[in-house]
Amino acid sequence: MFALVDCNNFYVSCERAFQPHLEGKPVVVLSNNDGCLISRSAEAKALGLRMGEPYFQVKDQLQRHQVRVFSSNYALYGDMSGRVMHYLSSRVPDVEVYSIDEAFLDLRGMERYHGNLAAFAQTLRQQVRKRTHIPVCIGIAPTKTLAKLANRVAKKVPTLNGVLYLDSEPRRQWALAQVPVEDVWGIGQQYATKLHAQGITTAAHLAAMSEGWARKHLGGVVGARLVRELQGVPCLTLAPSEDGTLARQSIACTRTFGKPLSAYPDVLGAVAAFTTRAAEKLRRQHSAVHLLTVFISKNRFGTEPPPYTFSTTLQLPVATSDTAELIRYARTALKRLWLPNTQFKKAGVIFDGLEAAGQQQLSLFEPTAKIKQRDRLMADLDQLNTRYGTGTVGFAVAQVYKGAAGVEWAGRQQQRTPAYTTNFEELWHIQMDGPRLPRRP
DNA sequence: TCTGGGGTCCTAGGACCC
DNA sequence: TCTGGGGTCCTAGGACCC
C-alpha cells in the first residue's frame, strides 16, 4: 500500500506559516524574476487566477482584489520542505521524496502498528500541521498512480477531511469517476486532447481500456503501466530517498535575466555563476560530470522568428567536479555560441552524464596529487560558503558578491520575505510586548 | 518594461563492433 | 531469385512531472 502526502498550495502555506494574518486571504507566490504565478491560495484560485499566468497580465486584477503577492523564497521553502520530510521519515521506514512538496510512503505492514491506515494518515496530517503549520492531504491506495488520484480527490472533496483510502473496489471505482482524465498522473496536454477526442473524459474511462490499447496510444510501455496502475496492478515501485535527497542524473542552473544582455562579459559572468552553482550541487551529491551543455536564449515572446535558443555540448575528457575547470569548459562552449549584436534574455548550464566522484577514469597526464589538491580546495570553498553564506568565496569571472545588489543579470525579486529559518541576518523577529507576552511552549 | 526553473523516462535511429 | 545476425552506445526528440 502506498500513501502520497502532498502539501496544499505549498509556497503560499510556507509564507502563511510566518504570517498567520494571511490565513483566509487571497495570496499568490511568483516564479523567479517575478515572472509567473506558481502558487495560489484557495481564495486566489477562486478569483480565477491560473497556474503559470504571467504576473504583468494580472497585476491590475490582483490589486483590485487585494491579493497579497510574494516573490519566491526558495531558502524558506526548501527548509520547510525538509522539516515536513524529516517528520514523515521518522514515522514510516521508506519515504520517497518525490518533489519539494510531495512524498510517497510505503505503508506495507503498517496496519499491524496503526490499525486503520486512514486513521494513521489523519494523525500524520495533524502532526505535520502542528509541527510546521503546513496543511497536507493524503491519498492511500495499492498503486502509486491511484495514491496520486486519491490525493487529488481528498483535496477536492471537503467532507473527506484531507484523507482518502482506496481500500475497496467500490471506493476505487467511485474515485476514478471523480477525476477528469487530464488530471491523471502521466496524462499531459497532448494525451488529454487525444483522449477527449476519443470520448475518454474521466479516469474511470481510461481505467476501462486495455493494456494493449494504452501501449499503442499513450507512448508505449509508459501508457501500459499507467492503465494497469489505475486498474490496481502495481507497476511502479518506491524509490526511497536517502536523508531526503535524491542523487540526480542531471543537474541544471538556468535563469532569465532581469534585463536583456548583449555584452559578452555580462553573459559570461552569468554563465560562470550558473556553472558555480551547478558545480556546488554536483559536489553535494558526490558526483562528477562528463557532459556539459551551455545555452543562451533570445526573447521568445518578441517579434523575431525562431530559433531562440542556441546550445552546445562538450564532452569532457575526464569527468570532474572542479568549478574552475568547469568554468573553463563553459567559457569555451559560450565562445562557440556567441553572436555579437544580439540581445539575450536567458542562459543556462546543464550537466549530464554524471558519475560517482572518485570513480572517474583518470587522465594519463594529470598527476594524482594535483587532483587531490583541487578536491581539497573545492571542499574548503564549499565549507566557507555553507558557513558564511552563498557567494562568500567564488571566482572573479562569476561576479557573485555576497549581498551584491547588481550583477548585471540579476532578476527582479521585489516582494521577497526574509529567509526566516536559514539566515542569521533574517531570523524571525518577535516583538516583546511587556508582561502580556504569551508564553511559548 | 513585463512571460520560471528545475527534473524524469522512453523511443527511434545511426554509428560502430564482432 | 537469394546480400547475416547479433550486440552496444550515443543522441535527439517527445512526452510527462512539480
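The chains referred to below are lettered A, B, ... by the order of the sequence lines, with proteins before strands, and numbering in each begins at 1. Values below: all heavy atoms of this structure, side chains included; hydrogens, waters and symmetry mates excluded.
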Subject >> Rounded interatomic separation in angstrom, taking CG from A/Asn73 and C1' from B/dG5 >> reply: 16 Å

Original post:
For A/Leu30, which contact category applies under a 4.0 Å heavy-atom criterion: base, sugar-phosphate, or nothing?
Top reply: nothing

**OP:** Please determine, for the side chain of A/Glu102, which listed nucleotide (C/dC18, B/dT3, B/dG6) has the closest atom?
**Re:** C/dC18

Original post:
Atom OH of A/Tyr74 and atom C1' of B/dG6: how far apart are they, to the nearest Å?
Top reply: 9 Å

**OP:** Would you mind classifying the nucleic acid contact of A/Glu53 as base, sugar-phosphate or nothing, using non-hydrogen atoms under 4.0 angstrom?
**Re:** nothing

Original post:
A/Phe301 or A/Arg255: which one's nearest nucleotide on DNA chain B is closer to the 5' end?
Top reply: A/Phe301

Original post:
Does a salt bridge link A/Glu96 with A/Lys144, judged by any charged N lying under 4.0 Å from a carboxylate O?
Top reply: yes

Subject >> Salt-bridge contact A/Asp60-A/Arg64 (side-chain N to carboxylate O under 4.0 Å) >> reply: no

**OP:** Looking only at side-chain atoms of A/Ala252, point me to the closest of B/dG7, B/dC10, C/dA15.
**Re:** B/dG7

**OP:** Could you check A/Val221 against A/Arg277 and say which one's nearest nucleotide on DNA chain B is further toward the 5' end?
**Re:** A/Arg277

Original post:
OP1 or OP2 of B/dG6 sitting under 4.0 Å from any side-chain N/O of A/Lys281?
Top reply: yes

Original post:
What is the nucleic acid contact for A/Val184, judged by heavy atoms within less than 4.0 Å: base, sugar-phosphate only, or nothing?
Top reply: sugar-phosphate

**OP:** Give me the ring orientation class for A/Tyr11 and A/Tyr74: parallel if the planes are under 30° apart, tilted from 30 to 60°, perpendicular past 60°.
**Re:** perpendicular

**OP:** Assign A/Tyr191 to base, sugar-phosphate, or nothing according to its heavy-atom contacts below 4.0 angstrom with the strands shown.
**Re:** sugar-phosphate

Subject >> Rounded interatomic separation in angstrom, taking NE2 from A/His290 and C1' from C/dC9 >> reply: 11 Å

Subject >> Options B/dC2, C/dC17, B/dG5, nucleotide nearest the side-chain atoms of A/Tyr98 >> reply: C/dC17

**OP:** Return the nucleotide paired to B/dC18: Watson-Crick means purine N1 to pyrimidine N3 with N6-O4 or O6-N4, wobble means G-U with N1-O2 and O6-N3, both under 3.5 Å.
**Re:** C/dG5

Original post:
Has A/Thr256 got a side-chain N or O lying under 4.0 Å from the OP1 or OP2 atom of B/dG5?
Top reply: yes

Original post:
Among the nucleotides C/dA15, B/dT3, B/dC10, which one has an atom lying closest to any side-chain atom of A/Gln190?
Top reply: C/dA15

Original post:
Which whole-number value in Å describes the distance from A/Lys144 NZ to C/dC16 P?
Top reply: 19 Å

Original post:
side-chain contact (heavy atoms from CB on, under 4.5 Å) with A/Leu47: which of A/Val28, A/Val58, A/Leu62, A/Val67?
Top reply: A/Val67

**OP:** Rounded off to whole Å, could you give me the CZ-to-C1' distance for the A/Arg152 and C/dC17 pair?
**Re:** 12 Å

Original post:
When you check the phosphate oxygens OP1 and OP2 of B/dG6, does a side-chain N or O of A/Ser250 lie under 4.0 Å from one of them?
Top reply: no

Original post:
Nearest to the side chain of A/Arg225, which nucleotide is it out of C/dC18, C/dT11, B/dC9?
Top reply: B/dC9

Original post:
Side-chain donor-acceptor pair under 3.5 Å between A/Glu43 and A/His65, yes or no?
Top reply: no

Original post:
Base, sugar-phosphate alone, or nothing: which one does A/Asn299 contact when heavy atoms must sit under 4.0 Å apart?
Top reply: nothing

**OP:** Look at the side-chain N and O atoms of A/Thr254 and state whether any lies under 4.0 Å from the OP1 or OP2 oxygen of B/dG6.
**Re:** yes

Original post:
For the residue pair A/Phe257 and A/Phe274, does the interplanar ring angle fall in the parallel (under 30°), tilted (30 to 60°) or perpendicular (over 60°) class?
Top reply: parallel

Original post:
Picking from C/dC18, B/dG5, C/dC16, which would you name as closest to the side chain of A/Lys346?
Top reply: B/dG5

Original post:
Which one, B/dT8, C/dC17, B/dC2, comes nearest to the side chain of A/Gln249?
Top reply: B/dT8

Subject >> Between C/dC17 (P) and A/Leu218 (CG): distance, integer Å >> reply: 12 Å

Subject >> Contact under 4.0 Å: A/Lys345 side-chain N or O vs B/dT3 OP1/OP2 >> reply: yes

Subject >> Residue A/Asn32, side-chain heavy atoms: nucleotide from C/dT11, B/dG5, C/dC16 that is nearest >> reply: B/dG5

**OP:** Evaluate ring pair (Phe, Tyr, Trp, His ring centres under 6.0 Å) for A/Phe2 paired with A/Trp185, printing each intermediate quantity in order.
**Re:** CA-CA 15 Å; A/Phe2 295 97; A/Trp185 191 37; over 10 Å; no

Original post:
Would one find a side-chain N or O of A/Lys148 under 4.0 angstrom from OP1 or OP2 of C/dC18?
Top reply: yes

Original post:
Expressed in angstrom and rounded to an integer, what is the separation of A/Arg248 atom CZ from B/dG5 atom P?
Top reply: 17 Å

Subject >> Nearest-Å distance for atom pair CZ/C1', residues A/Phe351 and B/dG7 >> reply: 16 Å

